[in-house]
**Q** 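Pasting a structure here, questions to come.
So you know, we letter chains A, B, ... as the sequences are listed, proteins then strands, and number each from 1. Given the structure is predicted, the values throughout are model-derived calculations rather than measurements.
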There are 2 protein chains.
Amino acid sequence: MKAISILEHHQLSRTESRMEILELLLNKNVALSEKEIKDELSIKCDRATIYRTLNTFVKSGIAHSIINNDGPLKYVIKKAPEDHVHFKCQVCGHIMCLPQIIIDKIELPDGFTRTESNFLVIGTCKNCN
Amino acid sequence: MKAISILEHHQLSRTESRMEILELLLNKNVALSEKEIKDELSIKCDRATIYRTLNTFVKSGIAHSIINNDGPLKYVIKKAPEDHVHFKCQVCGHIMCLPQIIIDKIELPDGFTRTESNFLVIGTCKNCN
DNA sequence: GTATATTTGCAACACAGTCGCAAATATTAT
DNA sequence: ATAATATTTGCGACTGTGTTGCAAATATAC
């Protein structure tokens with residue numbers, strides 16, 4: 001199982017919740033919220049556990065969170081380490097990474113330094129256009 | 001008064017709350033949350049009224065909201081109509097617009113169309129660097 | 001100044017996310 | 001495999017953000 005080896009690699013204990021949540025994220029190419037994860041999980045899992053698990057994944061670098069302009073945080077497996085653009089389709093509501101587009105070349109004004117970026121483009125995705 | 005003419009121009013009734021909140025926003029160059037607005041207002045104003053007023057301003061195009069990666073929405077007077085970058089200083093916590101940097105040239109993959117963008121860069125601002 | 005339309009304050013509510021703590025589960029050592 | 005220890009889970013309670021219904025207050029139009 002891929003999920004198991006990822007957990008091992010990050011020295012996280014292999015609990016049922018972590019494995020199921022990780023499997024779910026691995027099989028999706030759109031970002032999921034806590035509620036969406038809960039609804040898709042085959043096992044029962046408490047809200048708090050899902051939040052704690054997601055935070056653990058983010059801290060370990062397994063996943064990253066995506067800011068939603070209108071709604072809860074969503075989570076995806078981290079594939080690209082660079083800052084990339086997130087896209088939200090206003091028709092189907094899906095939020096996904098656009099790893100093709102990397103914005104590391106934004107020139108900030110003098111005296112400003114950057115540690116992190118959140119780029120969310122809202123529009124219509126390929127399927128809905 | 002500048003605030004009055006702005007309200008008139010957008011055909012909004014000139015209530016005390018709206019004028020005071022608008023004055024406050026006009027005098028700030030950082031984005032403010034509902035709580036920050038409430039604390040700085042000289043008049044008493046209910047939470048709900050502040051939220052409703054801010055939403056009215058956003059709908060009218062007087063202000064726009066800025067997504068905070070970790071905290072409530074913040075609001076600023078809309079100066080530039082284009083999509084620009086927002087900057088959050090992790091030292092002083094201020095969130096401000098960087099109208100100098102305009103990103104309208106992001107090329108989305110085929111089939112994707114854009115209607116709106118939210119760009120938040122997190123780092124250290126000029127004053128705190 | 002009066003009538004009508006809009007806005008306000010209050011209270012209640014919905015929802016996202018966190019935390020403490022005891023019970024359950026996983027890991028480690030024997 | 002079993003026992004001891006460390007970690008995680010579920011539950012409940014809680015905080016904070018933002019919204020809404022409704023009656024009272026205020027602004028606008030006449």
Side-chain angles (χ1 to χ4, degrees), chain A residues 1 3-24 31-39 41-60 62-75 88 93 95 118, chain B residues 1 3-24 31-39 41-60 62-75 88 93 95 118:
Chain A
M1 291 290 137
I4 288 185
S5 61
I6 292 175
L7 291 176
E8 270 176 3
H9 182 256
H10 289 87
Q11 291 162 318
L12 298 175
S13 57
R14 285 157 287 146
T15 69
E16 198 183 16
S17 310
R18 285 185 180 166
M19 292 204 284
E20 292 291 324
I21 294 172
L22 185 47
E23 287 280 5
L24 185 57
L32 298 178
S33 66
E34 171 271 325
K35 191 171 282 184
E36 290 165 338
I37 290 171
K38 182 164 191 167
D39 288 345
L41 276 182
S42 50
I43 58 167
K44 284 205 194 313
C45 196
D46 193 69
R47 268 174 9 95
T49 300
I50 296 178
Y51 280 115
R52 284 188 277 230
T53 301
L54 291 171
N55 287 335
T56 300
F57 288 173
V58 170
K59 263 188 221 138
S60 305
I62 296 174
H64 73 268
S65 61
I66 299 183
I67 293 177
N68 191 344
N69 64 329
D70 180 23
L73 280 179
K74 301 208 173 201
Y75 296 84
K88 177 180 180 175
I95 297 187
N118 287 280
Chain B
M1 292 289 138
I4 289 186
S5 61
I6 293 175
L7 291 176
E8 269 176 4
H9 183 255
H10 289 86
Q11 290 162 317
L12 298 175
S13 57
R14 287 157 285 147
T15 69
E16 198 183 15
S17 310
R18 284 184 179 166
M19 292 204 284
E20 292 291 324
I21 294 173
L22 185 47
E23 287 279 4
L24 185 56
L32 298 177
S33 66
E34 170 271 325
K35 190 172 283 185
E36 291 165 337
I37 289 170
K38 181 164 191 169
D39 288 346
L41 276 181
S42 50
I43 58 167
K44 283 205 195 315
C45 195
D46 192 69
R47 269 172 10 95
T49 301
I50 297 177
Y51 280 115
R52 283 188 279 230
T53 301
L54 292 171
N55 287 336
T56 301
F57 287 173
V58 170
K59 263 188 222 138
S60 305
I62 296 175
H64 72 268
S65 61
I66 300 184
I67 293 177
N68 191 345
N69 63 328
D70 179 25
L73 280 178
K74 301 208 172 200
Y75 296 84
K88 176 180 180 175
I95 297 187
N118 287 281

**Q** Give the rounded distance in Å between these two atoms: CD of B:Q11 and P of C:dA5.
**A**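 The distance from CD of B:Q11 to P of C:dA5 comes to 17 Å, rounded to the nearest Å.
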
**Q** Look at the side chain of A:A48 and decide which nucleotide, out of D:dG12, C:dG17, D:dT9, has an atom nearest to it.
**A**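 The nucleotide sitting nearest to the side chain is D:dG12.
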
**Q** Please report the distance, rounded to the nearest Å, between CD1 in A:I50 and P in C:dC19.
**A**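 Going from CD1 in A:I50 over to P in C:dC19 covers 17 Å.
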
**Q** Nearest 0.5 angstrom please: A:F57 CZ to A:N55 CG, how far?
**A**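 Taking CZ in A:F57 and CG in A:N55, the distance rounds to 11.0 Å.
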
**Q** Rounded to the nearest Å, what distance is computed from the CG atom of residue B:D46 to the C1' atom of nucleotide C:dT8?
**A**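 After rounding, the gap between these two atoms is 8 Å.
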
**Q** What's the separation between atom SG in A:C45 and atom CD1 in A:I21, rounded to the nearest 0.5 Å?
**A**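 If I round to the nearest 0.5 Å, the distance is 4.5 Å.
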
**Q** Can you check the B:M19 CE to C:dT8 C1' distance for me, whole Å?
**A**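 Between C1' of C:dT8 and CE of B:M19: 15 Å.
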
**Q** For the pair made of CG in B:N69 and C1' in D:dT17, what is the distance, rounded to whole Å?
**A**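 Result: 16 Å.
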
**Q** Nearest 0.5 Å please: distance from the CE atom of B:M19 over to the CG atom of B:L12.
**A**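 Here the rounded value is 12.0 Å.
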
**Q** Side chain of B:Y51, heavy atoms from C-beta onward: which of C:dA16, C:dG9, D:dT19 has the nearest atom to it?
**A**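 It is D:dT19.
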
**Q** Tabulate protein N/O versus nucleotide N/O from nucleotides 22-30 of chain C, keeping only pairs under 3.5 Å, one per line.
**A**
residue: C:dT27; atom: OP1; partner: A:R14; partner atom: N; Å: 3.0

**Q** If you compare every side-chain N and O of B:R18 against the phosphate oxygens of C:dT7 (OP1, OP2), does one of them come in below 4.0 Å?
**A**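 Yes, within the criterion.
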
**Q** How long is the gap from NE2 on B:H64 to CG on B:N118, to the nearest 0.5 Å?
**A**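 Taking NE2 in B:H64 and CG in B:N118, the distance rounds to 8.5 Å.
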
**Q** Write down the distance between CD1 (B:I67) and P (D:dT17), rounded to a whole number of angstrom.
**A**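 One finds 16 Å between P of D:dT17 and CD1 of B:I67, rounded.
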
**Q** Take B:I37 and B:T53, measure what side chain to side chain contact (heavy atoms under 4.5 Å, CB included) needs, and give me the verdict at the end.
**A** CA-CA 11 Å; B:I37 289 170; B:T53 301; over 6 Å; no

**Q** Whole-Å distance between D:dG10 C1' and A:E34 CD?
**A**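 Interatomic distance, CD of A:E34 to C1' of D:dG10: 14 Å.
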
**Q** How is A:S17 classified with respect to the nucleic acid when contacts are heavy atoms under 4.0 Å: base, sugar-phosphate, or nothing?
**A**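 The answer is sugar-phosphate, as A:S17 gets under 4.0 Å only of primed atoms, P, OP1 or OP2.
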
**Q** To the nearest Å, how far apart are A:R47 CZ and C:dC15 C1'?
**A**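 The distance from CZ of A:R47 to C1' of C:dC15 comes to 8 Å, rounded to the nearest Å.
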
**Q** Could you go through the side chain to side chain contact (heavy atoms under 4.5 Å, CB included) check for B:L24 and B:L41 one step at a time?
**A** CA-CA 7 Å; B:L24 185 56; B:L41 276 181; 4.1 Å; yes

**Q** It should be established whether B:K35 places a side-chain nitrogen or oxygen under 4.0 Å from OP1 or OP2 of nucleotide D:dT17.
**A**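 The answer is yes; a side-chain N or O of B:K35 sits under 4.0 Å from OP1 or OP2.
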
**Q** Between B:K74 and B:E34, is there a side-chain N and carboxylate O pair less than 4.0 Å apart?
**A**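 No salt bridge links B:K74 with B:E34.
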
**Q** Using a cut-off of strictly less than 4.0 Å, decide whether A:N68 has a side-chain nitrogen or oxygen near OP1 or OP2 of C:dA16.
**A**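 For C:dA16, OP1/OP2 do not have a side-chain N/O of A:N68 under 4.0 Å.
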
**Q** Which nucleotide, D:dT17, D:dT8, C:dC10, lies nearest any side-chain atom of B:R52?
**A**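 Comparing D:dT17, D:dT8, C:dC10 against the side chain of B:R52, the answer is C:dC10.
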
**Q** Describe the nucleic acid contact of A:N55 in one word from base, sugar-phosphate, nothing, applying a heavy-atom distance below 4.0 Å.
**A**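 Result for A:N55 = sugar-phosphate.
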
